[in-house]
Structures are given as C-alpha cells and as structure tokens.
There are 2 protein chains.
Amino acid sequence: MRPASAGAAALADGAQSQIKVLRAESQAPRSRARFPAVVGEPLPLNQILIGDCIEELARLPAASVDLVFADPPYNLQLESTLSRPDQSIVDAVDDDWDKFASFSHYDAFTRSWLEAVRRVMKPDATIFVIGSYHNIFRVGSLLQDQGYWILNDIVWRKTNPMPNFRGRRFTNAHETLIWAAKGAGAKNYRFNYELLKAGNEDCQLRSDWLFPICTGHERLKDESGHKTHPTQKPEALLARILLAATNAGDVVLDPFFGSGTTGAAAKRLGRHFVGIEREEIYAAAARKRIAAVEPLPHEAIAATPSKRSEPRVAFSAIVEAGLIAPGAELTDEKQRHRAIVRADGTVAIGAVVGSIHKIGALTQGLPACNGWTFWHYVSQSGKREPIDLLRTVARKNLREAEA
Amino acid sequence: MRPASAGAAALADGAQSQIKVLRAESQAPRSRARFPAVVGEPLPLNQILIGDCIEELARLPAASVDLVFADPPYNLQLESTLSRPDQSIVDAVDDDWDKFASFSHYDAFTRSWLEAVRRVMKPDATIFVIGSYHNIFRVGSLLQDQGYWILNDIVWRKTNPMPNFRGRRFTNAHETLIWAAKGAGAKNYRFNYELLKAGNEDCQLRSDWLFPICTGHERLKDESGHKTHPTQKPEALLARILLAATNAGDVVLDPFFGSGTTGAAAKRLGRHFVGIEREEIYAAAARKRIAAVEPLPHEAIAATPSKRSEPRVAFSAIVEAGLIAPGAELTDEKQRHRAIVRADGTVAIGAVVGSIHKIGALTQGLPACNGWTFWHYVSQSGKREPIDLLRTVARKNLREAEA
DNA sequence: TGACGTTTTGAATCCGCTG
DNA sequence: CCAGCGGATTCAAAACGTC
C-alpha cells in the first residue's frame with residue numbers, strides 16, 4: 001500500500017476507510033463483479049497526481065471511486081478586454097488551458113475525459129460536472145451519449161456575481177452543475193436525502209442552490225496578493241456535494257484539481273480525495289491549503305443518522321445538563337448583542353425574558369431568528385462558539401445514554 | 001394579405017405595425033438590403049398554423065420575425081413520431097442502446113426545426129428555447145453547432161415545484177431557457193435593458209428568474225376539469241421574455257404553440273404572434289384563450305426610449321446656444337481636475353485641447369471617459385452640476401423647436 | 001479600536017454609429 | 001469592412017483608508 005499523505009493521516013477515520021476501499025477492489029463478490037479485478041497500484045489516496053488527466057486516469061484502478069467532481073475548462077470565448085464603467089479592466093480568464101480551437105476540439109477533449117472518468121467510477125458512483133453556458137451543453141450531451149444517466153441539473157446561484165457592465169445581457173448570475181449516475185441502471189447511488197433535508201429546515205433540497213462566490217480569506221492568493229487560481233470554487237459548494245453524495249470515508253476523484261477545493265472539503269468532512277492537476281503551481285498551492293485544513297470532529301461528519309430526524313433538544317435541557325451555567329453571558333458572533341442565560345432555559349436582556357429564538361429576533365428587530373446559531377458562548381478554551389455546539393454535545397450524550 | 005385574426009384587430013397598434021412589418025420585407029432601403037425581398041405570402045400574423053412545424057416554417061418568408069419562443073417536446077417517446085420520416089425506431093426504450101438511438105433521433109428532429117426557424121429569423125432576431133435536463137443539453141449543443149450565438153442561459157426557478165416524492169434526487173425546481181442570437185456577429189439584437197432594470201428596483205436583471213408554475217384560473221381546463229395541455233407555461237414568463245427582447249408591434253414566432261401562452265402574452269403586450277401547432281385541439285383552446293385577452297392600453301406598452309436612442313447633441317451646440325460661456329471653468333465632481341471651455345466646443349487644460357471626452361480621459365489617465373457626466377459646471381444657483389444637465393436642456397429645446 | 005466612507009474585484013462569449 | 005470616436009455602462013462583498 002502506498003503511504004497516504006499527511007492529509008490522509010489526519011483524516012478522522014482514514015485508515016479504516018482506506019481498507020474498505022481496497023477491499024472493494026480485490027474482494028468484490030463474484031456475482032456483482034461486472035468490472036475486472038484490479039491488478040497493480042491501488043488508489044493513491046489524498047494525493048495530487050501531476051499530469052494530463054486522461055493519462056493519469058488510465059493508471060487508476062477501474063471502478064474504484066465513489067464520486068467524481070469535475071470542473072473542466074469552460075471554453076470561454078472572450079473577444080476583447082472588458083472594462084467596468086469606471087474604466088478599470090476586468091481580470092478575465094485568458095489562460096492557455098481554457099483555449100480550444102473549436103467546439104469539435106472541445107467535444108473531443110470532453111469525450112476523452114468523460115470516458116476515462118467513467119471507467120474509474122464504481123457502479124453506483126455519481127459525477128458532478130460544473131460549467132457555464134459556454135460548455136455545459138456540450139458536457140451534458142456527451143454525458144448522455146456515453147450512457148451516463150442524469151439525475152439532476154443543479155443551479156449554483158451566486159449571491160454576488162459580476163454584473164453585466166455593458167447592459168447588453170442579463171447578469172450571468174449562475175453556473176450549472178450536472179449530477180449523473182454511471183448509467184440508467186444504477187439505482188443504488190448514494191444520496192443522503194434525510195441529512196440534507198434535516199439541514200434545510202426539514203424541507204427537501206431543491207435543484208437551485210445559493211452560495212457566494214469564493215472571496216476573502218478563503219480565496220488563495222500569492223505573495224503579491226494576486227489570486228492563485230482564476231476560478232477557485234467556494235468550499236461550501238463542494239461541502240454540499242460531498243454531504244449529498246458521499247459518506248465519510250468515501251473517495252472523491254477530481255480530475256481538474258486546480259486550487260484543491262475538493263481536497264479541502266474532503267479532508268474537512270472526513271472523505272478521501274484523488275486529485276489530478278496538470279500545473280504543478282496549482283498543485284503546490286492546493287497541497288499547502290489542504291495541509292492547513294482541520295478535519296471536523298467525527299461526530300460532526302458521521303454517516304447519515306437514522307430515518308427519523310435528530311431528536312429535538314430544548315435549551316433548557318442544555319442548562320439542566322450543566323453544559324452552560326445560568327448567569328452565563330451570550331452574545332452574537334460580533335458581540336453586538338448580549339443576553340443572560342436563566343436557569344429555566346430562557347434568556348434575558350434586562351427585564352425582557354424569552355426563548356433563545358424570540359430574544360434573538362427581538363434584539364435584532366427581525367421577525368425570526370435561529371437562536372442556536374445566533375447566540376455564542378465562551379468555551380473553556382476561551383473561544384467564542386455558537387450554542388449549537390452545545391446542542392451537538394447534548395445529542396451525543398443522549399445517543400450514548402440510549403445505547 | 002391573409003386576414004388577421006380577431007386577436008390582431010384588438011391589438012393596440014395592430015394595423016400600423018403590421019404595415020411596418022410588411023414594409024420591412026418589401027421596401028427595405030436598398031443600401032441596407034442584406035436580405036432578399038420576399039415573394040409570396042407575407043407573415044400570417046396572429047394566427048395559428050396547423051401542421052408540422054418544419055413544413056409550416058418552410059412556407060414562411062425568410063428573415064421576417066423578431067423573436068422566436070420555442071417550447072419543444074422533450075419526451076423521447078413522442079419525438080419518434082414527431083421527427084423526420086425515419087421509421088427505424090421502435091417505441092420501447094428502456095435499455096441503453098435504445099436510449100442512444102432515441103437521442104440521435106431527437107437530435108435530428110431538433111436540428112431540423114432549429115434550421116427552419118433560423119431561416120425565418122431577422123438578422124437581429126433572437127430565440128428563447130425552454131427545456132429541462134432531459135433535452136436542454138441537446139438543444140444547446142445543436143444551437144451552437146448551427147452558429148446561433150448564446151447570449152444567456154436563464155433559469156426559471158419555480159416557487160412551487162412538484163416535490164420529489166421518492167427522496168432520491170433534489171427537487172427538480174427549475175427549467176432552463178437558452179437565449180441566443182442568430183449568429184456571433186448579430187450585435188444589434190433587441191434587449192430592453194433599461195426597461196427591465198426600471199422594473200426591478202433599478203437593479204439589472206439576473207439570469208435567474210422566479211415565477212410560480214401555471215395554476216389556478218390561468219391554467220386551461222376542459223369541461224371535465226382536466227388540464228388542456230400538460231405543460232402550459234405561465235404567462236408571466238412569456239411576458240418577461242417579450243418585454244425583454246421585443247418592442248410593441250414586433251412579431252414573435254412560436255413553432256410549438258400548444259396552449260397559446262405566447263399568443264396570449266403577445267396580444268396583451270401589443271406584439272404580434274405567429275403560432276404553429278400540430279394538434280387542432282390545442283389550437284382551438286389557444287384561439288379561444290387569446291380571443292378573451294384584453295390588450296393593455298397603449299401607454300402601458302409603448303417602448304421606453306433608451307438613453308442610447310436619444311438624439312446626439314454636440315458640446316459645441318451647447319456653447320453656441322449660450323448654455324455655457326466660453327472661458328467657463330469645468331471641474332470633476334471633487335474638483336480634482338479643471339478645464340476651460342473654448343468657443344468651438346472643445347475644452348482645454350493648459351495648451352492641451354480636445355473634446356470633453358478626450359480631455360476627461362487624458363486628465364484621469366484613463367482610456368476613455370464620458371465627458372458629459374465627468375465634467376461639472378457651476379450653475380446660476382451656485383451649485384456644481386454635471387454638464388449632462390445642459391445637454392438635457394438642449395434636447396428639450398430641440399424637441400420644442402421641432403414641434 | 002471602531003465607525004464610516006472609498007476602493008477593489010469577480011469563469012464575461014458585454015457598443016454602435018459614421019464616414 | 002474597418003477605423004475612429006462619442007459616450008453609455010455595475011452589484012455585492014470584502015478590503016482598505018481615514019478620522
């Protein structure tokens with residue numbers, strides 16, 4: 001077995017799930033062995049393979065990954081420079097890797113990598129491909145032509161897209177993801193329906209997702225402050241994909257690894273990744289980035305709970321359990337608002353008393369407020385944490401008491 | 001001339017704009033006549049042509065419509081009966097091999113109608129096609145292959161989609177529209193940017209639109225309460241499309257007319273339609289529906305003049321008219337830059353002389369500058385105002401002189 | 001430090017008329 | 001068809017600067 005990278009070692013259940021992956025290769029039950037047993041190298045987990053993705057994919061064992069996330073070149077066709085109304089120049093994607101001579105060249109490229117990726121997918125694996133109108137129709141058609149079975153097309157709505165500066169079109173405010181199974185017959189693909197629903201106000205998740213584009217501290221930059229990669233995706237987007245379509249310990253393949261968002265999200269969520277990237281400069285930035293990721297505690301990423309949703313926990317139960325003391329001060333994240341915990345599980349601002357939600361709403365002048373995420377307390381380590389963390393602990397205690 | 005339907009007669013400016021359309025065919029100025037004059041039938045305005053859309057399209061004059069809205073069928077089963085006379089495809093489609101056959105069959109059908117439609121489009125016409133992940137990738141690719149130039153892909157987010165009952169996928173909560181020009185060179189397509197922005201809190205319209213699906217009174221039903229058409233689109237969706245990409249009096253073609261939403265929206269908004277529909281039963285329902293539509297009053301649909309279409313006024317004309325005196329000092333808003341008005345309508349910084357735009361750009365070190373909004377003068381009331389205000393006055397004087 | 005105003009920036013197929 | 005040039009055109013969020 002190849003040694004796993006530092007990233008893999010840090011994964012919560014790294015060793016265990018790596019074993020699981022290998023077993024899937026060598027000991028698949030005969031009756032379901034539609035794919036040849038693999039000889040040679042196992043999956044190089046939590047590493048970035050440098051090279052052309054089609055060549056590198058050919059070296060990977062067949063039917064070995066649980067999920068593919070692919071962010072291929074979009075084939076943008078920019079005719080000239082674009083300036084904002086204030087005459088500043090838009091820093092456009094003009095990299096060589098995004099240049100194709102024609103649609104048929106782009107199609108040939110797409111056909112190749114889709115084929116190569118399909119071989120590496122387990123029979124119940126699924127694939128997400130992201131793109132814009134420049135390329136996504138080519139990708140979608142070729143997916144269908146190769147027998148992939150589209151499960152959804154998903155729209156990533158951007159909260160803060162670049163506007164249309166010339167007023168000649170609608171603001172290009174979204175990108176499209178295609179989610180597909182390996183074939184029409186693959187009915188047992190992973191979809192963590194309950195988990196997603198529970199995290200979405202008990203409402204099933206729709207095909208339109210809202211996320212901000214990747215900016216701020218998350219955006220990788222070089223020493224001179226220049227963005228490392230022109231099209232870095234937000235980690236929240238990848239996190240949703242991984243939570244939706246994998247379990248902890250699963251392997252996600254990203255054939256266009258770029259700045260390594262897939263790797264960062266995978267490590268944080270206790271998944272394994274296999275990355276392929278042509279440019280060493282991107283891979284180097286990705287390695288450094290992933291090394292700095294702190295995996296979430298095991299409780300936070302454990303596989304989908306049972307069908308029934310998580311038990312409700314009242315804040316009073318948390319006070320009763322001694323997880324927070326009556327009299328403790330709660331604040332919002334930025335410490336603009338303060339309230340005092342009362343022994344009965346209500347909170348108070350001066351003489352005004354109510355639930356964590358009511359008081360949270362009241363103090364912000366909003367109709368509603370999720371008190372669990374709004375109010376923060378100072379933990380033993382001195383860090384300010386949302387009281388939702390206490391709820392997680394309470395639930396864990398509850399489960400252990402039940403067991 | 002074929003008699004127009006009752007719907008046409010009711011259109012606010014029906015007769016007038018019909019003449020305009022015909023003139024565009026037969027009396028286009030020679031110098032700009034890039035398109036052959038039309039012989040034979042003119043456009044059968046505000047009617048539903050019953051028949052196969054490819055055959056009917058072939059009878060329409062070339063380069064004659066301003067907009068196309070197409071809601072093609074995407075049920076693969078249905079396609080095999082709709083498309084070209086190649087009877088090699090049998091109906092049962094549930095294995096991969098047949099899937100491929102269906103796709104190519106669907107592609108052939110799509111190619112045919114896209115070609116036929118393209119011929120009928122004016123050079124600056126655009127097309128909207130709506131679809132779901134089942135077919136939209138095929139449509140998008142074939143649009144691109146035929147030389148159509150995609151302007152936007154647009155997402156219709158449904159406020160009230162059908163939930164996913166089995167919990168195996170994300171709720172399919174949107175459909176996709178592709179908006180395309182006839183070719184990459186067509187830069188002068190219609191896009192009522194300012195109108196849309198004004199109707200959207202003065203914020204440019206994004207590529208994600210939110211509308212409820214068509215229900216309630218709007219949904220056509222037969223005597224037994226059964227819905228007349230399985231996929232009736234909301235009129236609000238069509239209204240936005242027409243407002244965005246046509247002017248009053250323009251002609252919109254719908255080759256898959258169905259329940260006639262395009263016709264209803266067109267009549268309401270003072271546009272003309274040409275509908276093609278195979279099923280007389282749908283056409284009958286559509287005729288009845290459209291006849292009942294009350295067109296909006298003319299004031300409500302008259303084209304709002306855009307800034308671009310305002311008459312040009314030279315700065316020299318403003319000096320000549322005495323609205324500002326030679327020798328007056330211009331500054332930018334924050335008085336960082338200064339220039340002097342010259343009698344010939346140029347401005348000067350020291351020995352450097354040029355247009356308000358040139359000098360504005362030069363003094364800021366920018367490649368371009370809108371001198372009208374950059375330069376300010378001190379008005380009689382002592383306030384510093386952009387010289388664009390003087391242009392507004394000049395234009396008003398101009399209009400009054402003409403009247 | 002904080003409040004507040006200014007500047008920067010993001011996968012973009014982004015002008016149109018006149019001569 | 002091309003060159004020239006007038007002048008029309010941006011939203012949200014983060015970073016940065018100033019008081």
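Quantities reported herein were computed from a predicted structural model and do not represent experimental measurements.
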(message) With a 4.0 Å cutoff (strictly under), does any side-chain N or O of B/Arg391 reach OP1 or OP2 of D/dA8?
(response) yes

(request) Look at the side-chain N and O atoms of B/His357 and state whether any lies under 4.0 Å from the OP1 or OP2 oxygen of D/dG7. (result) yes

Say we look at [N] and [M]: how far apart would their [atom1] atoms be, to the nearest angstrom?
N      : M      : atom1 : result
C/dC14 : D/dA12 : P     : 23 Å
C/dA12 : D/dG6  : P     : 30 Å
D/dT10 : C/dT7  : C1'   : 14 Å
D/dC19 : C/dT1  : C1'   : 12 Å
C/dG10 : D/dG7  : C1'   : 25 Å
C/dG16 : D/dC1  : C1'   : 15 Å

Under 4.0 angstrom, heavy atoms only, what part of the nucleic acid is [X] near: base, sugar-phosphate, or nothing?
X        : value
A/Asp94  : nothing
B/Ile150 : base
A/Asp98  : base
B/Ala314 : nothing
A/Pro234 : nothing
A/Thr81  : base

Counting only heavy atoms not in [X], do more than 12 sit closer than 6.0 Å to its [atom1] atom?
X        : atom1 : result
B/Glu115 : CD    : yes
A/Lys99  : NZ    : yes
A/Arg219 : CZ    : yes

Measure from [atom1] on [X] to [atom2] on [N] and round the result to the nearest Å.
X        : N      : atom1 : atom2 : value
B/Trp372 : D/dG6  : CH2   : C1'   : 10 Å
B/Ile356 : D/dG6  : CD1   : P     : 9 Å
A/Leu78  : C/dG10 : CG    : P     : 14 Å
A/Leu220 : C/dA11 : CG    : P     : 13 Å
A/Ile130 : C/dA11 : CD1   : P     : 10 Å
B/Arg312 : D/dG7  : CZ    : P     : 5 Å
A/Lys158 : C/dG10 : NZ    : C1'   : 8 Å
A/Ile89  : C/dT7  : CD1   : P     : 18 Å

(request) Pull out every stem in DNA chain C, meaning runs of 3 or more consecutive Watson-Crick or G-U wobble pairs with both distances under 3.5 Å. (result) C:2-10 with D:11-19, C:15-19 with D:2-6

(request) Take nucleotides 9-19 of chain D nucleotide by nucleotide from the 5' end and write B, S or -, depending on whether a protein heavy atom sits under 4.0 Å from the base, only from the sugar-phosphate, or from neither. (result) BBBSSSS----

According to the interplanar angle, ranging from 0 to 90°, do the rings of [X] and [Y] count as parallel (below 30°), tilted (30 to 60°) or perpendicular (above 60°)?
X        : Y        : value
A/Trp113 : A/Phe109 : tilted
A/Trp97  : A/Tyr282 : perpendicular
B/Phe191 : A/Phe170 : perpendicular

(request) Could you check A/Arg219 against A/Arg168 and say which one's nearest nucleotide on DNA chain C is further toward the 5' end? (result) A/Arg219

(message) Quick check for you: to the nearest 0.5 Å, what is the distance between A/Leu237 atom CG and A/Asp71 atom CG?
(response) 9.0 Å

(message) Just so I know, are the side chains of A/Thr262 and A/Phe128 near enough to count as touching, which here means a heavy-atom distance under 4.5 Å?
(response) no

(message) Could you tell me if the side chain of A/Thr176 sits less than 4.5 Å from the side chain of A/Ser132, heavy atoms only?
(response) no

(message) Please identify which of these residues, A/Ile127, A/Ile54, A/Val129, A/Ile276, meets the side chain to side chain contact (heavy atoms under 4.5 Å, CB included) condition with A/Val117.
(response) A/Ile127

(request) Please say whether the positively charged group of A/Arg168, taken as NZ for Lys or CZ for Arg, lies over the ring of B/Tyr189, i.e. under 6.0 angstrom from the six-membered ring centre and within 45 degrees of the axis. (result) yes

